[in-house]
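Each remark here refers to the structure printed beneath this line.
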Amino acid sequence: MGSVNADNPLSVLEDALKGGITCFQLREKGIKALQGNEKKAFAQSCQRLCAQYGVPFIVNDDVELAIEIKADGVHVGQDDACAVEVRKKIGPTKILGVSVHTVEEAKAAKIAGADYIGMGPVYATVSKMDAKPVAGTKMIQEVSGLYPDLPIMGIGGITATNAGPVFQAGASGISVISAIAAAKDVENATLELKGVFLQWKGKS
Ligand code: TZP
Ligand code: MG
């Protein structure tokens, strides 16, 4: 997570759940990433916590793990497994998220059966080393105009202070790492982000 809270990720997750996150995605990446059974055990700990709060638990990249532990869904990027194949593997009811950067990719994700698309990085990010160049909100605006029924999650450098334009461009939600995971008070930081979300989307 590249955060001051990285030593205790489960307590970060629990505080974020208390603060009101509505979805959690496990991104186990980097040189210290857990593998094999350790990764599975950690994933299941996160999954149990999410279940206690009634929050969907999604696995990034690792389709097989998601299927094995009966996660609520999977998120894949353009360089990961093909979204059409992932949809076939996980069946019609699990959540499928796909990262996209262009209108064409958004269209393909929709056709593949994506439940939502992730778009970014909206702003500069310190959490993804191989992130694409900063995209701003223009592409979100374009894609939300073309596919108004396809939920868009803005991602990349989003905070409570700069989230407004992301919603204004048509995003249904925001995905964050550092604004929550690196916060001194994780629950409060989450509440603050939730407040911005509710201001724009007006639901709980
Ligand atoms: N994809 C695009 S930017 C990003 C990902 C996974 C990282 C988002 O992290 P942060 O800390 O919210 O910028
Ligand atoms: Mg990926």
Side-chain angles (χ1 to χ4, degrees), residues 1-6 9 12-13 15-16 19 21-31 33-35 39 43 46 57-67 71 73-87 89-90 95-102 105-106 108-109 112 114-140 143 151-167 169 171-186 189-190 192-194 196-197:
M1 285 187 220
S3 85
V4 290
N5 297 312
V12 174
L13 173 55
D15 288 348
I21 58 167
T22 53
C23 189
F24 172 73
Q25 183 187 128
L26 177 65
R27 288 175 52 83
E28 185 60 7
K29 295 190 183 259
I31 41 166
L34 299 174
Q35 310 281 343
K39 180 179 177 185
C46 295
F57 167 80
I58 292 178
V59 176
N60 184 280
D61 289 356
D62 196 337
V63 183
E64 305 312 322
L65 176 66
I67 293 170
V74 187
H75 185 101
V76 288
Q78 295 297 316
D79 300 330
D80 303 314
C82 157
V84 175
E85 294 306 317
V86 178
R87 174 50 85 202
K89 277 190 179 174
I90 65 175
I95 301 167
L96 173 61
V98 181
S99 297
V100 310
H101 303 94
T102 64
E105 288 174 359
D115 294 293
Y116 72 89
I117 54 173
M119 297 192 71
V122 177
Y123 305 115
T125 180
V126 292
S127 306
K128 184 171 162 72
M129 289 310 130
D130 60 347
K132 298 253 188 301
V134 170
T137 56
K138 203 164 160 267
M139 188 59 68
I140 292 178
V143 171
I152 300 174
M153 304 301 141
I155 188 164
I158 299 174
T159 65
T161 314
N162 65 20
V166 188
F167 289 115
S172 300
I174 49 173
S175 308
V176 309
I177 299 177
S178 50
I180 287 179
K184 283 206 182 81
D185 184 330
V186 168
T190 310
E192 214 184 324
L193 284 159
K194 185 78 179 255
V196 181
F197 170 75

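Note that ligands are numbered from 1 as they come in the structure, with each ligand's atoms numbered from 1 the same way. Atoms considered below: every heavy atom in the structure, side chains included; atoms not considered: hydrogens, waters and symmetry mates.
Remark: side-chain polar atoms of Asp115 are paired, donor with acceptor, to backbone N or O of Leu96 under 3.5 angstrom. Within the 3.5 Å criterion, the main-chain N or O of Gly157 finds a donor-acceptor partner in the side chain of Asn162. Side-chain atoms of Glu28 come within 3.5 Å of backbone N or O of Leu34 as a donor-acceptor pair. Distance alone, capped at 3.5 Å, places no donor-acceptor pair between the Gln78 side chain and the Glu105 backbone.
The distance cut-off of 2.8 Å around the Mg ion (ligand 2) captures these protein N, O or S atoms, sorted by chain and number: Asp61 OD1, Asp80 OD2.
Partners of Asp15 according to the side chain to side chain donor-acceptor pair (under 3.5 Å) rule, which considers only residues two or more places apart in sequence or in another chain, do not exist here. Judged as a side chain to side chain donor-acceptor pair (under 3.5 Å), and not counting sequence neighbours, Tyr123 has no contacts.
Protein residues with a heavy atom under 4.0 Å from ligand 1 are Arg27, Pro121, Thr125, Ser127, Lys128, Ile155, Gly156, Gly157, Val176, Ile177, Ser178.
The 12-atom threshold is not exceeded at CG of Asp79, counting heavy atoms of other residues, nucleotides or ligands nearer than 6.0 Å.
We find that Asp62 and Lys29 are not joined by a salt bridge, their nearest charged nitrogen and carboxylate oxygen being 4.0 Å or further apart.
Note: Phe24 and Phe57 have parallel aromatic rings, judged against thresholds of 30 and 60 degrees for the angle between ring planes.
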